[in-house]
Amino acid sequence: MNPLNNRKYFHTFVFIFFFLIGLFVYSNVVKIPYFYWDSKGAIATNVFIRDLSNLKLIWSTFNTRFVVGLSFALNYSLGQLNPCVYRITNLVFHILSSFFVYRLVSLTFQTPYFKNTVFSQKAHVIAVLSGCIFLTHPLQSEAVNYINQRYIIFAAFFYLATMILYIKARLDNRKAYYVGAFLCMILAMFSKEISITLPIMLVVYEIFFLNLKKSDTKQFLILIPFLCALCIIPLSLMNAPESVTGAARMAVTTSDGSTDITGGAWGTYSRTEYFRTQWNVLRTYGRLFVWPIHQNFDYDYPISHSWFESSTFLSGLFLFMLLFLACKWYRQHRLFSFCIVWFFCVLSVESSVIPLAHVIAEYRTYLAMFAYALLVPSVLFLKSKNDRRALVLTIIVILLLSALTFKRNFVWQDQITLWSDTHQKSPRKLRVLNNLGIAYYEDEQYQQAKYFLEESLEHNPNQSMPYLYLGYMHTRLKNNDQALHAYKKAITLNPSFVRAYVSLGYFYSTQGKYNEAIGLYEKALEIDPTDYLAHQSLIMIYQMMGEKEKSIQQLRNWQNLMGQ
């Protein structure tokens, strides 16, 4: 018996095949010893992931993203702060998600709608090719390489697992699969907020492929628990402090309806402007699916100020045309219609009227990629009269995508290469200038760091972050007067900037001005009672002053905060 004719052996073969491709395509980044940007805050300096047994603390920190927070804590217990452990985890779950794409596509072609069609006959071939596209597309590289965006990878993993188990339950009529699907849906919802669309996609899938009818009362009853889960994420966010990971992703909406990003450092926009801009963003995502060049880690994307701007108007026409085609193709080309609905649905949370700190980010397309991965081989096999030609064309596409991903990965070799590439594409964006300056500072290239930090201040002198790092730089160079001025300027510009208070306190402590340092540490703790560095600094300075009782009391305060 040919082992590939056995379903179990074939699935195993496909998984190994995907695993080897994934390792090859991402072989040039797995061992990179760096955390990037806010991955440092979420992992490297996050003391709340360092006690795996303290689930309450992890929950209070990550809230609607508790599952990912728990995975960070597991990584820390295995490898402390070794970035390779975290990167390998991201890659493994990306490979698993790609395998789930294969399973979801193959199961979809086994549903009643596709019985005796060309898709049911080519199910496994199209499914493998779809999984390969999902695995190798360069647009996925940001989610894989950017450790802190494990949220979207985990959400996609459990999202796809839910779909697979639900379809298995419907096809095999087994309650255990329903239970598994429901549990996976809960895990998805506690990975990233976009999973709120999952119950909706289950209903859509029922209508498109499982022949759900109004008279099917039993099936409607089965869907009720899944639909009730829609309230999980809103309820979790309502009870969460502003500092938790999930809620912190949202921009601050002011009383006049505008959105202020980090105190005006990055710009402001209203809900309407954000929604209008998303028309252009969705068009850009579509272009990146088909033509993934000029990728950018941090786009300097223009805000749309009018419905009748040429780009916005044309983008609107393009999106409405897609929606029109989704309706038109529902009867004759339902698979293509489903792909369009999937694209809009899974992006609806982050590309809607809810303003986020970044109007566009490539990692947001991670789950939406399923639609493109399914569409490409399906169209080629449907339209081509020669299956071999369709197979060869799809393999060529996969090879090109793999090469682009491998090339894109070189941008992630270190922080300077990442932000230098981003600076070439967004030369005037303040966050890019700041982070490139910080990257040079951390590499001890102080002249370059000073150049980019000061250039950022030329564009907007009301930022506190550049002054903080200028203070760090001058401290290292023993330019004490300039360091003191920079720290004080950072605090003046942002009186709630905890890191500036702690940094100035440390500066004073090195000058022997302990009382001034203590006052600054205490001010930092007034603003953020959970700040680890402020607590640690107070403990150390009391020890330096010989105040053992105060040092012990401060340690107890920290232990009580940590629940120890």
Side-chain angles (χ1 to χ4, degrees), residues 29 32-41 44-45 81 83 145-148 261-267 294-300 408-494 497-511 513 517 520 533 537:
V29 287
I32 292 176
Y34 297 101
F35 289 111
Y36 296 106
W37 197 22
D38 61 346
S39 294
K40 297 177 183 178
T45 61
L81 293 178
N145 293 323
Y146 186 10
I147 297 172
N148 199 34
I261 310 302
T262 63
W266 318 128
H294 304 304
Q295 287 182 252
N296 191 347
F297 181 55
D298 196 351
Y299 288 81
D300 191 3
R408 177 65 181 167
N409 287 340
F410 282 110
V411 170
W412 293 83
Q413 294 301 305
D414 59 53
Q415 295 185 87
I416 292 177
T417 58
L418 175 64
W419 289 110
S420 294
D421 176 82
T422 308
H423 178 253
Q424 290 178 7
K425 297 160 184 174
S426 304
R428 295 178 58 83
K429 190 164 188 178
L430 301 181
R431 183 168 50 236
V432 176
L433 291 168
N434 288 338
N435 282 294
L436 183 53
I438 292 168
Y440 278 117
Y441 160 77
E442 292 180 347
D443 199 50
E444 299 184 359
Q445 298 185 47
Y446 298 129
Q447 287 301 318
Q448 287 290 82
K450 184 173 182 288
Y451 174 82
F452 286 107
L453 292 171
E454 290 184 344
E455 183 181 348
S456 176
L457 288 171
E458 286 180 10
H459 292 300
N460 185 347
N462 296 319
Q463 304 173 78
S464 55
M465 185 64 75
Y467 280 108
L468 177 66
Y469 276 88
L470 285 171
Y472 290 161
M473 185 188 70
H474 288 305
T475 299
R476 287 192 179 183
L477 295 174
K478 307 298 182 183
N479 301 327
N480 292 339
D481 291 341
Q482 292 171 283
L484 182 62
H485 170 75
Y487 289 135
K488 287 184 175 181
K489 187 69 174 179
I491 291 173
T492 301
L493 291 170
N494 185 359
F497 197 2
V498 171
R499 287 176 62 189
Y501 285 103
V502 175
S503 300
L504 181 55
Y506 177 77
F507 176 82
Y508 277 135
S509 71
T510 61
Q511 305 295 310
K513 299 178 180 180
L520 288 162
L533 287 176
S537 299

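Keep in mind that the numbers below use all heavy atoms, side chains included, and drop hydrogens, waters and symmetry copies.
- When all heavy atoms are compared, the tightest approach of S464 to A490 is CB-O, 3.4 Å.
- Within 6.0 Å of CZ in R476 there are more than 12 heavy atoms belonging to other residues, nucleotides or ligands.
- At least one donor-acceptor pair under 3.5 Å links the side chain of S426 to the backbone N or O of D298.
- Nearest heavy-atom pair across P466 and N434 is CG-OD1, 3.2 Å.
- To the nearest 0.5 angstrom, D443 atom CG is 10.5 Å from Q448 atom CD.
- Panel note: side chain T417, backbone V411; a donor-acceptor pair is recorded below 3.5 Å.
- Taking the ring centroids of F297 and Y146, they lie under the 6.0 Å cut-off.
- No donor-acceptor distance shorter than 3.5 angstrom exists from the side chain of Y467 to the backbone of K489, with no hydrogens or angles considered.
- Contact annotation: the side chain of Q511 approaches that of N480 to within less than 4.5 Å [non-hydrogen atoms, C-beta and beyond].
- Distance alone, capped at 3.5 Å, is enough to place a donor-acceptor pair between the S537 side chain and the L533 backbone.
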Evaluation steps, side-chain contact (heavy atoms from CB on, under 4.5 Å), between H485 and L470: CA-CA 10 Å; H485 170 75; L470 285 171; over 6 Å; no
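- Using a distance-only test at 3.5 Å, with no hydrogens or angles considered, a donor-acceptor pair links the side chain of D414 to the main chain of I416.
- Take L477 and apply the side-chain contact (heavy atoms from CB on, under 4.5 Å) test, not counting sequence neighbours, and it matches Y446, M473, N479.
- Of all heavy-atom pairs between I147 and P83, the closest is CD1-O, 4.1 Å.
- In terms of heavy atoms, A517 sits closest to G505 at CB-O, 3.1 Å.
- With values rounded to the nearest 0.5 angstrom, L484 atom CG is found 6.5 Å from L504 atom CG.
- Ring to ring, F452 and Y440 are close: their centroids are under 6.0 angstrom apart.
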Trace of the salt bridge (Lys or Arg N to Asp or Glu O under 4.0 Å) decision for D421 with R408: CA-CA 10 Å; D421 176 82; R408 177 65 181 167; 3.2 Å; yes
Would H423 and K429 satisfy side-chain contact (heavy atoms from CB on, under 4.5 Å), going step by step from the backbone distance to the final call? CA-CA 8 Å; H423 178 253; K429 190 164 188 178; over 6 Å; no
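- Listed for the E455 side chain is no donor-acceptor partner under 3.5 Å among the backbone atoms of L433.
- Within a 6.0 Å radius of OH in Y506, no more than 12 heavy atoms belonging to other residues, nucleotides or ligands are found.
- Atom NE2 of H474 is separated from atom OH of Y487 by 10.0 Å, given to the nearest 0.5 angstrom.
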Walk me through whether R428 and D300 qualify under salt bridge (Lys or Arg N to Asp or Glu O under 4.0 Å). CA-CA 8 Å; R428 295 178 58 83; D300 191 3; over 6 Å; no
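- Here the closest heavy-atom approach between residue I32 and residue Q413 is recorded as CG2-O, 3.4 Å.
- Atom CZ of F507 is separated from atom NZ of K488 by 9.0 Å, given to the nearest 0.5 angstrom.
- Considering CG of N462 and OG1 of T492, their distance stands at 11.5 Å, rounded to 0.5 Å.
- Between A439 and Q415 the shortest heavy-atom distance is CB-CB, 3.9 Å.
- Between the side chain of K425 and the backbone N or O of Q295, at least one donor-acceptor pair lies under 3.5 Å.
- Once rounded to the nearest 0.5 Å, the distance linking CD of Q424 with OG of S420 reads 7.0 Å.
- Of the possible polar contacts, none joining the E444 side chain to the Y441 backbone as a donor-acceptor pair under 3.5 Å is found.
- S456 places a side-chain heavy atom less than 4.5 Å from the side chain of Q463.
- No side-chain heavy atom of L520 sits less than 4.5 Å from a side-chain heavy atom of V502.
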